[in-house]
Structure formats: structure tokens, C-alpha cells
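Sequence lines set the chain letters: A, B, ... in the order given, protein chains first and strands last, and positions in each chain run from 1.
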2 protein chains.
Amino acid sequence: MTLNQNTFTGEFSYSLDTKGRLNIPAKFRNVLSKKNKNSFVITKGMDPCIWIYPLVVWQNIEDELKKLSSLSRVNRSFVRSTVRYTSTVKYDKQGRIAITQNLIDYAKLKKEVLIIGMVNKIEIWNPKLLSNAEKEFHEIKSSELDELANQIIL
Amino acid sequence: MTLNQNTFTGEFSYSLDTKGRLNIPAKFRNVLSKKNKNSFVITKGMDPCIWIYPLVVWQNIEDELKKLSSLSRVNRSFVRSTVRYTSTVKYDKQGRIAITQNLIDYAKLKKEVLIIGMVNKIEIWNPKLLSNAEKEFHEIKSSELDELANQIIL
DNA sequence: ATAGATTATGGGTAGATGTGGTTAATTATC
DNA sequence: GATAATTAACCACATCTACCCATAATCTAT
């Protein structure tokens, strides 16, 4: 009985343990549909963070990747750079997933970690990286952000 | 039943308890349609306050957010800056919802709280912040406010 | 005016949740 | 094939949250 299926909102301050395990907030696990088989797909984000997709959402992305022609050097490079960071992970009885070392390095994760719902995916951030990145960006792009808010927020 | 479905007017002085719970005025709860499943969506306002939407109203906003491509840095930042403050909350038997800590911080809420009907959403203010903000704004923009009144009031 | 219903607010408790650690299973290495 | 190293499954516990009950104040209706 969930209200918003496969939809993630809110932010949570969690900790990465010494084995590289990370608990996924119960709120996020509980909105997953049965089809996801208790699994997520973790991959590299376009910002310096980790992106986590429900299995069924990732499968759509994967279908798109398959359509890309291997004749294009750009395509090959793009597919390679994302897929090498990608893996499917099941969460354990306590709701934790194992984060791969290359992703921990990419997102520069330490013990303290910020988990952010991004509607159809989840982001994992080093809190310091996030606040630095967002502060600069909002100063530069405030007008474009206002424009978006104007279009969407009722 | 109700005359103006999902429409909120009037203001109320309520208190945030030590557990971060806030009672939603019965007048506001009773105006919700069945489709809302006794739930609201709380999020960050564009002023230093909290915005509360009926679930069904938020779902329209969410649909728009889902359409934004993650390829755009501006889109990602926009989604992040709003959705990280967003959560769906069911009210308990007494009509209270739990306000998340990041929103309490953002709106600088103390015990005393002002709840304001804003037609299709509800605002939660720290009374002091509101009077300061409104005082400044009216001094600066009084002509524009008159203009708006002219357009809308019949 | 008064009884009954509704509403706002406070507090208690059982179950859910987050986190650390231990043991078993699997994979890798020599 | 034996052993070390890595990963996965299991257990324990402190904390937190959702849900329940209680009470005082306010409103409604006869």
C-alpha cells in the first residue's frame, strides 16, 4: 500500500559503514513495486554523486543504450563510461546495498553521506561536495532556475 | 459535503509540538477530496515558509518534474533543490502531520506557527518572519500590488 | 443553557528502522 | 586442491517513529 510508486522524495543523512554498505531509507524501499525484486541499479551520476535507479526504471535506460550505434566513437565512449560504473545490487535483510569501490571513489564518499530523492532516482552525495557545487551554481544560474520554477510550480 | 473542494482560505495560529508535529486546521482537512487519501505533500516555499499541497495537486507538479531531462545541469539542480525538501505525509487520527527537520530549519519555525490558506495550497510561517517580509515588500512594491488588485478583483 | 460532538495539544508505547558486528558461503590465488 | 580473501547472510541492539489514548477547550444543536 504505497502512495507514490517508484517515486523518491526527501533527503536523509545516513552513514556508509566500513564495509561499503549503505542503508537505503525505508521510505524509499517501501515505494518500490514488486517487479523490482528488492534490487536497485547503481551507477555514476552526471554530477559528482551516485545515481540509484529502481531495476525497472534502469531497464528502460538500458534499452536506449542498446539502440546507440557502435559505429559512433562518441556513442562507444559514452556507453563505456557509464556501464563500467553500473551494477545491479540487492539489498539485505536490513535494507542495505553494497556500494562498489569505483563509485565510492568517483563520488568521494566518506562515512557521512546525504541521500536525496530525485523523483525517479536517488542520489548519494558527499555533503560537502553538494553544498559547494550547489552554492556556486545557484549564484550563476539563478535566473534560469527561477524560470523553471515559474513554469512548473503552481 | 464541501462547497469548495481543495480550496484553502483564512489564517490560523497553531503550535508545533516537541515532536515536530503540526495540526492541520479541521477546516482545511475537511475540504480535501477522497482522492487525497488523508495525505498532504509538504515542501519548500519560494518565500521562507513551508508550502503544503493536497496530494492530487502535487502529483501534477511531479508529472512536470518527471518530464525534465537529467542531461541539463539546470534541470538537475532545480529538481534537487525542491524535491529534497519534499515529502508525502498522512495526518494522524488527531489531524496532525510530521514536519521534517530540514523544512523546520528552512522556515525557521519555533513553537508558534501561522497557517495561511493560499487557495490551492497552504503556507506555514514563523509569524515574525512573515511580518518582516511583508512589511518590506509592501513598502517596495505597493504600486505593483495595486495593479494586481485592479486586474483580479471584480 | 446544556449536553454531546468536534477539535487542538500532550504524552506513552510497541514495532519499525538504522547501524555495528559475527559467522557462513563463495570466489580467488597459489 | 588447499588456503586465503572477499562477499553475502545472519544476529543484536539502540534509536526513532507511527499509532494509540487522554484531556481540555471549543463548537453545535436542541
Side-chain angles (χ1 to χ4, degrees), chain A residues 1-4 8-32 37-42 50 52 55 86-105 109-117 122 124-125 127, chain B residues 1-3 8-32 37-42 52 55 86-105 109-117 122 124-125 127:
Chain A
M1 250 300 283
T2 54
L3 295 173
N4 296 1
F8 310 106
T9 62
E11 72 178 337
F12 304 85
S13 194
Y14 275 45
S15 60
L16 193 70
D17 72 17
T18 52
K19 294 182 189 174
R21 293 179 301 186
L22 178 66
N23 200 311
I24 301 295
K27 286 234 177 75
F28 288 175
R29 294 194 311 266
N30 295 339
V31 299
L32 282 187
K37 302 173 181 176
N38 296 350
S39 297
F40 287 102
V41 174
I42 61 176
I50 297 175
I52 303 184
L55 182 57
T86 305
S87 58
T88 301
V89 288
K90 243 182 141 170
Y91 49 84
D92 67 16
K93 225 179 215 172
Q94 284 75 323
R96 292 173 292 196
I97 60 174
I99 309 290
T100 54
Q101 191 58 49
N102 60 356
L103 281 174
I104 291 176
D105 295 341
L109 298 186
K110 309 295 175 200
K111 188 176 196 303
E112 236 183 278
V113 146
L114 202 57
I115 304 178
I116 301 180
I122 301 166
I124 310 296
W125 282 86
Chain B
M1 259 319 275
T2 53
L3 296 174
F8 311 107
T9 59
E11 75 175 348
F12 304 84
S13 192
Y14 275 50
S15 62
L16 193 69
D17 71 18
T18 52
K19 293 184 186 176
R21 294 178 299 189
L22 177 66
N23 201 308
I24 300 295
K27 287 230 176 80
F28 288 174
R29 293 196 311 266
N30 295 339
V31 89
L32 281 187
K37 302 174 180 179
N38 295 350
S39 297
F40 287 101
V41 174
I42 61 177
I52 303 184
L55 180 58
T86 304
S87 59
T88 301
V89 287
K90 240 181 144 169
Y91 49 83
D92 66 16
K93 229 179 213 171
Q94 285 76 326
R96 292 171 294 193
I97 60 174
I99 309 290
T100 56
Q101 191 59 48
N102 60 358
L103 281 175
I104 292 176
D105 295 342
L109 297 186
K110 308 295 175 200
K111 189 175 196 302
E112 232 183 283
V113 146
L114 205 55
I115 304 178
I116 304 177
I122 302 165
I124 310 296
W125 282 86

When you look at B:Leu16 and B:Ile124, which way does the side-chain contact (heavy atoms from CB on, under 4.5 Å) test go after all the steps?
-> CA-CA 10 Å; B:Leu16 193 69; B:Ile124 310 296; over 6 Å; no
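Distance A:Leu16 CG to C:dT19 P: 10 Å, rounded to the nearest Å. A:Arg96 has its CZ atom 12 Å from the P atom of D:dA9, to the nearest Å. One atom, CG of A:Asn38, and another, P of D:dA9, lie 11 Å apart when rounded to the nearest Å. For the pair B:Ile97 CD1 and C:dT9 P, the computed distance is 13 Å after rounding to whole Å. Distance, B:Leu22 CG to C:dT7 C1': 14 Å, rounded to whole Å. One can place OH of A:Tyr91 at 16 Å from P of D:dA8, the figure rounded to the nearest angstrom. Distance, A:Ile99 CD1 to D:dA8 P: 12 Å, rounded to whole Å. If you take CZ of A:Phe28 and P of C:dT17, they are 14 Å apart, rounded to a whole angstrom.
Although no hydrogens or angles enter the test, the distance criterion places a donor-acceptor pair under 3.5 Å between the side chain of A:Thr9 and the main chain of B:Thr86.
At the heavy-atom level, B:Asn23 lies under 4.0 Å from base atoms of the strands shown. If you check every strand for non-hydrogen atoms under 4.0 Å, B:Ser15 touches sugar and phosphate atoms only.
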Identify all pairs in which a protein N or O lies below 3.5 Å from an N or O of nucleotides 24-27 of chain C, and state each distance.
none

Dump the pairs, protein N or O against N or O of nucleotides 12-15 of chain D, anything under 3.5 Å, distances to one decimal.
none

Extract from the structure each pairing of a protein N or O with an N or O of nucleotides 12-16 of chain C at less than 3.5 Å, listing the distance.
| from | atom 1 | to | atom 2 | distance (Å) |
| --- | --- | --- | --- | --- |
| C:dG12 | O6 | B:Lys19 | NZ | 2.2 |

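At least one side-chain heavy atom of A:Phe8 sits less than 4.5 Å from a side-chain heavy atom of A:Leu32. The shortest side-chain heavy-atom distance between B:Gln101 and B:Asp105 falls under the 4.5 Å cut-off. Counting heavy atoms from C-beta outward, B:Asn23 and B:Arg96 have side chains that approach closer than 4.5 Å.
Partner of A:Ile50 under the side chain to side chain contact (heavy atoms under 4.5 Å, CB included) criterion, chosen from A:Ile122, A:Leu109, A:Val113: A:Leu109.
Annotation for B:Ile99 and B:Ile42: closest pair CA-CD1, 4.1 Å, computed over non-hydrogen atoms. The two atoms that bring B:Arg21 and B:Asp17 nearest to each other are NE-OD2, 2.7 Å, heavy atoms only. Contact between B:Ser87 and B:Thr100 at its shortest, heavy atoms only, is OG-CG2, 3.7 Å. Counting all heavy atoms, side chain and backbone alike, A:Pro25 lies closest to A:Ile115 at CD-CD1, 3.8 Å.
At most 12 heavy atoms of other shown residues, nucleotides or ligands fall within 6.0 angstrom of atom CD in A:Glu112.
Aromatic rings from A:Phe12 and A:Phe28 are positioned such that their centres are separated by under 6.0 Å.
Take the nearest nucleotide of DNA chain D for A:Asp92 and for B:Lys93: the residue whose nucleotide is more 5' is A:Asp92. Residue whose closest nucleotide on DNA chain D sits further toward the 5' end, between A:Ala98 and A:Lys27: A:Ala98.
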